[in-house]
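Keep in mind the model is a prediction, meaning the values are calculated, not measured. Below, chains carry the letters A, B, ... as their sequence lines are ordered, and counting in each starts from 1.
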2 protein chains.
Amino acid sequence: MDIEQQVAQAKLVCEKRGARFTALREQVFTLLAKHNSAVGAYDLLSELQVIDSSAKPATIYRALDFLNQQGFVHKIESINAFVMCDHFSECNHPVQLLICDDCGYVEEIQSENLDLAIRSMADASGFKIKHQVVEAHGYCAKCQSDKN
Amino acid sequence: MDIEQQVAQAKLVCEKRGARFTALREQVFTLLAKHNSAVGAYDLLSELQVIDSSAKPATIYRALDFLNQQGFVHKIESINAFVMCDHFSECNHPVQLLICDDCGYVEEIQSENLDLAIRSMADASGFKIKHQVVEAHGYCAKCQSDKN
DNA sequence: TAAAAAATGATATAATTTATCTTCACGGTT
DNA sequence: AACCGTGAAGATAAATTATATCATTTTTTA
Ligand SMILES: [Zn+2]
Ligand SMILES: [Zn+2]
Ligand SMILES: [Zn+2]
Ligand SMILES: [Zn+2]
């Protein structure tokens, strides 16, 4: 899916939900979509300031907060960075990421077994899960072969 | 296991490894052991300053870094806090946590299935995992029953 | 159109973490 | 015991990440 399609899809989803996909939010969405890896809020801010020189930290954090709430982007807690969601039309899915510590590439996976394994452990303790953070760090296939 | 036993165990492990369980590190270890929940670095710093008024942020972060490297404590990435490991003698285990967003209680679980599920997904992508972050947020059994 | 709600702008500040350089303490060696 | 190298801790500063607050503008609703 190219960026224009992603934008169109996001607009559609927002319309359905009565959420406002404003120009600013679209700009941040697009900037993030141009990366295929994790990006820090301040890196994104620098990019945004090229378009909108008045942008401040709060500007980017507010936009990211909205995009995150809508499920369009995910925050990667272990590296304080953000990444586009692979499949944001399927709302509220558990977020499971493979993060390359060498090149920064992020792969979003979907393992029902993984989700079930967590939930079954939680059930056993009477714990009710609201949100999961699953972030595996290591090296992607490309970076491993590069080392040869 | 009470705190003194934990300290004794940590000393033993360090001795085996040739790592230095210094007075400062023991103090921070003990402070953390007194909590059964997640604690922020600055909260811990405040507690340390009662004993050692010259303690600074770097003091606590260095101690935590050491304790983390030794596997005695875990950093909770999603809330910037630290927690004692349940079973630090079994070194290098994958860290899997249930975190109560109400009372801050942290339960460390050990699910082989969970670990396998992540690894099998990684294998399928040729991704080599070095470190996992698994943090499930929600409400513990106690906090759920308190709401009745 | 008027009022209410939501988003953005502007400014400041808080919270978290790391860097750097110096000094000190410990272990092994001569 | 004196010397030396390494790692730990002290001191200071700064970088990075994130939020609070209040004014202004835009959008929605009535
Ligand atoms: Zn996703
Ligand atoms: Zn890579
Ligand atoms: Zn553990
Ligand atoms: Zn609780």
### Message
Distance check needed: dT17(D) P versus L44(A) CG, whole Å only.
### Response
12 Å
#### Entry: Spacing of K56(A) atom NZ relative to dT24(D) atom C1', expressed in whole Å
14 Å
### Query
Got a salt bridge between K11(B) and E26(B), using NZ or NE/NH1/NH2 to carboxylate O under 4.0 Å?
yes
#### Entry: Nucleic acid contacts of residues 17-31 of chain A, taken as heavy-atom distances under 4.0 Å to DNA chain C
R20(A), T22(A), L24(A), R25(A)
### Query
If you walk 5' to 3' along DNA chain C, what is the first nucleotide with an atom under 4.0 Å of a heavy atom in chain B, and what is the last?
dT16(C) to dC26(C)
### Message
If you define the side chain from C-beta out and look only at heavy atoms, does anything of K56(A) sit under 4.5 Å from T59(A)?
### Response
yes
### Task
Assign each of G40(A) and A55(B) to its nearest nucleotide of DNA chain D by heavy atoms, then name whichever residue's nucleotide is nearer the 5' end.
A55(B)
### Message
Could you check whether D115(A) pairs with R119(A) (Lys NZ or Arg NE/NH1/NH2 to Asp/Glu carboxylate O, under 4.0 Å)?
### Response
yes
### Query
Is there a donor-acceptor contact under 3.5 Å linking the side chains of Q6(A) and D2(A)?
no
Please list each protein N or O that sits under 3.5 Å from an N or O in nucleotides 19-23 of chain D, with the distance.
none

### Task
Round to the nearest Å and state the distance from E77(B) atom CD to dT17(D) atom P.
13 Å
### Query
Quick one: are K142(B) and C100(B) in side-chain contact, heavy atoms under 4.5 Å?
no
## Note on the structure
H74(B) and C85(B) have their tightest heavy-atom pair at NE2-SG, 3.2 Å
### Message
Measure NZ/K75(A) against C1'/dT16(D) and give the value in whole Å, please.
### Response
12 Å
### Query
Rounded to the Å, how far apart are N68(A) CG and dA18(D) P?
12 Å
### Task
Give a yes or no on whether L114(A) and V95(B) share a hydrophobic cluster (residues Ile, Leu, Val, Met, Phe, Trp, Tyr; joining criterion: side-chain heavy atoms under 4.5 Å apart).
no
### Message
Quick check: closest heavy atoms across A81(A) and G40(A), and the distance to 0.1 Å?
### Response
CB-N, 4.1 Å
### Query
Between F66(B) and F21(B), is the ring centre distance below 6.0 Å?
no
### Query
Do we see a donor-acceptor contact under 3.5 Å between the side chains of E135(A) and H131(B)?
no
### Message
I need the minimum non-hydrogen distance between A41(A) and F82(A), along with the two atoms involved.
### Response
CB-CE1, 4.1 Å
